[in-house]
Amino acid sequence: MDLFFGASKGAASSQQTVSIRVEERGRARKDNAAGGPLPAPHRARTANTSPDRAVREADIHRTQDSRARRRKQQAQHDMRAERRAAQRSVVRRAARQLLTSEGGAMSPRDSVIVNANREHVGSLPSSPRPRKPASRIRSVKPSARVSPRPDSSPTAGTLSPAHGIGRCFSVPAHGGPVSASDLSSLPVQSTDKAVVSSADAVRQSEAQYEDFFQWDDTEPRVESIELHLPATGASEVFSLLAPKSHERESEPRDEYLPVNDLMSTVHAIATYLVDSPPFYHAVCGDKEHGIMRCLERARNRRSGRAFVDAVRDFNRLLDAERDADRVQAAFAKGAIPSDLAVHVIEQIYNRIVAPTVDMLRQYKAFSNNVYGEILPTLISEFIERTAISHESVFIDLGCGIGNVVLQVAAQTGCSATGVEIMEVPASFANRQAQEFERRMRLYRMDHGTVRICHADFCESPDVQLLLPTADVVLVNNYAFDSTLNQNLLQMFLDLKEGTKIISLKPFVTPDYKISARNIYSPESIMSVRRYPYWSKCVSWTDSGGEYFVQTIDRSRVKAFLAKRGMF
């Protein structure tokens with residue numbers, strides 16, 4: 001302080017300030033040498049920065065720290081949410097397993113396949129359909145799709161004529177979760193010429209039946225009656241009972257009613273199978289005293305005696321036509337009317353599948369093998385949309401119980417093949433094919449070749465050989481996953497030009513455009529059209545939907561390559 005004695009007040013103050021700053025700098029250097037942090041103002045000064053910039057940098061540091069904390073908190077929140085979701089998934093899966101094992105009601109998501117009202121043809125009664133059909137429980141992973149091939153049995157999936165039944169080739173089903181005792185309980189006839197009758201179906205049905213007609217005490221009670229068919233000496237025994245659940249005011253939706261089946265058969269024979277105007281007039285033309293009018297009146301009044309008398313009158317008229325050799329089809333060969341074809345398919349279903357329909361109620365949800373049926377109305381539309389004729393080759397990949405294959409073969413006379421991997425549906429399809437051959441013979445109707453192949457269509461060598469000859473391929477891929485759909489796309493590379501692929505989900509989007517990146521993709525050789533369908537067309541929903549028809553068309557790929565000088 002002696003050095004500054006006598007100096008002016010301002011100079012002394014200035015010198016004092018300088019001295020203080022020198023001391024502070026000295027202390028800061030000592031702290032820095034000792035490894036301690038510098039105060040914020042001194043860090044700013046030593047970096048030759050202004051105080052405002054130092055404040056901004058401090059704010060940036062605080063903001064970064066805040067963001068880091070928020071990211072950490074969000075990551076912890078996401079981890080807890082994933083843990084809770086996993087726990088809920090385990091609980092839902094356990095609940096589904098419990099409901100399945102105890103026979104409880106499945107959740108809407110699990111109940112992928114539900115029953116829909118079937119299309120009526122004339123007065124044909126509706127067919128019982130499984131409320132939860134599926135029948136495709138597998139013992140292997142869904143993605144594997146490996147056909148069971150026991151070493152002790154012939155290889156499944158062959159189309160050898162050794163298994164031929166007339167023109168219906170049926171491949172025995174092997175392996176699978178169904179026991180031989182279960183399959184042996186299905187209705188089977190010992191001879192090739194005998195059909196499974198309506199009375200047999202009622203006796204073996206799971207539903208309980210009772211008298212449909214009323215009988216007086218003075219007349220004998222009749223439970224069944226014989227109806228003559230067009231083939232010489234052919235007849236079928238129809239039951240005259242009705243399900244106990246049948247309501248007299250309306251026709252039941254889920255039960256087989258033999259009386260309506262008999263009346264539909266009489267109408268079909270008179271309309272399509274006997275080319276005789278007098279016979280048609282006596283059966284259907286006379287609206288007051290004709291056979292059909294007598295049957296309807298007796299049914300509505302529940303008069304058993306009048307119904308039996310009308311059936312016997314029909315048998316006498318048909319016998320006279322057979323003796324005169326006037327029983328012949330009233331339509332061109334290979335052009336069976338859709339109503340008649342559907343009537344035959346419904347009869348087959350009611351006799352083969354319906355009596356033991358519970359065997360189709362089991363299914364494994366969320367797999368490629370969830371089972372559902374395309375109903376006759378939509379099948380007829382498929383036939384018309386793709387112009388299937390008697391010269392066509394039709395393949396149904398995943399045919400289930402074979403109803404599509406049989407209707408296409410009956411309605412068009414084409415060669416139809418169905419491929420099914422699961423044991424129970426394949427067994428039903430085989431039995432329906434046998435009944436189809438026998439019943440068509442008794443009706444004196446020609447039909448196309450029918451083949452039912454029990455195999456995995458992704459693995460079967462027979463399918464690989466047959467695909468290049470196909471004109472129309474049906475794939476009900478409504479429940480297929482993306483992996484299986486991609487496998488099918490690779491298989492479609494072998495299809496010939498112009499082959500049509502019908503599917504419930506598109507293999508190629510309608511707005512698909514060819515580019516240099518996707519020019520060699522299977523989708524590039526397909527053009528697609530979208531069509532709607534309405535209610536009563538599929539078994540898994542009562543509402544409508546849409547289907548897609550993909551056509552193999554390689555011209556666009558050739559044009560794309562030619563435009564770039566690559567073709």
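Hydrogens, waters and symmetry mates are skipped; everything else that's a heavy atom, side chains included, is used.
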Phe507: ring pair (Phe, Tyr, Trp, His ring centres under 6.0 Å) partners, not counting sequence neighbours: Phe492
Residues that Phe213 engages under ring pair (Phe, Tyr, Trp, His ring centres under 6.0 Å), provided they are two or more places apart: Phe307
Residue Arg326 excluded, over 12 heavy atoms near CZ under 6.0 Å: yes
Checking [X] now: which residues fulfil side chain to side chain contact (heavy atoms under 4.5 Å, CB included) with it, not counting sequence neighbours?
| X | result |
| --- | --- |
| Gln208 | Lys244 |
| Lys496 | Asp471, Thr499 |
| Arg385 | Glu381, Tyr531, Tyr547, Val549 |

Glu435 and Arg431 ion-paired at < 4.0 Å: no
Without placing hydrogens or testing angles, list every side-chain donor-acceptor pair under 3.5 Å for residues 283-292, not counting sequence neighbours.
unit_1: Asp286; atom_1: OD1; unit_2: Glu288; atom_2: N; d: 3.1
unit_1: Asp286; atom_1: OD1; unit_2: His289; atom_2: N; d: 3.1
unit_1: Lys287; atom_1: NZ; unit_2: Cys284; atom_2: O; d: 3.3

Heavy-atom donor-acceptor pair, Glu546 side chain to Arg530 backbone, under 3.5 Å: no
Side-chain donor/acceptor of Gln432 to backbone N/O of Ile401, under 3.5 Å: yes
Side chains of Asp200 and Arg351 in contact at under 4.5 Å (non-hydrogen atoms): no
Check: Val405 and Thr417 side chains under 4.5 Å, non-hydrogen atoms: no
Option from Arg439, Met440, Arg438 for which side-chain contact (heavy atoms from CB on, under 4.5 Å) with Phe436 holds: Met440
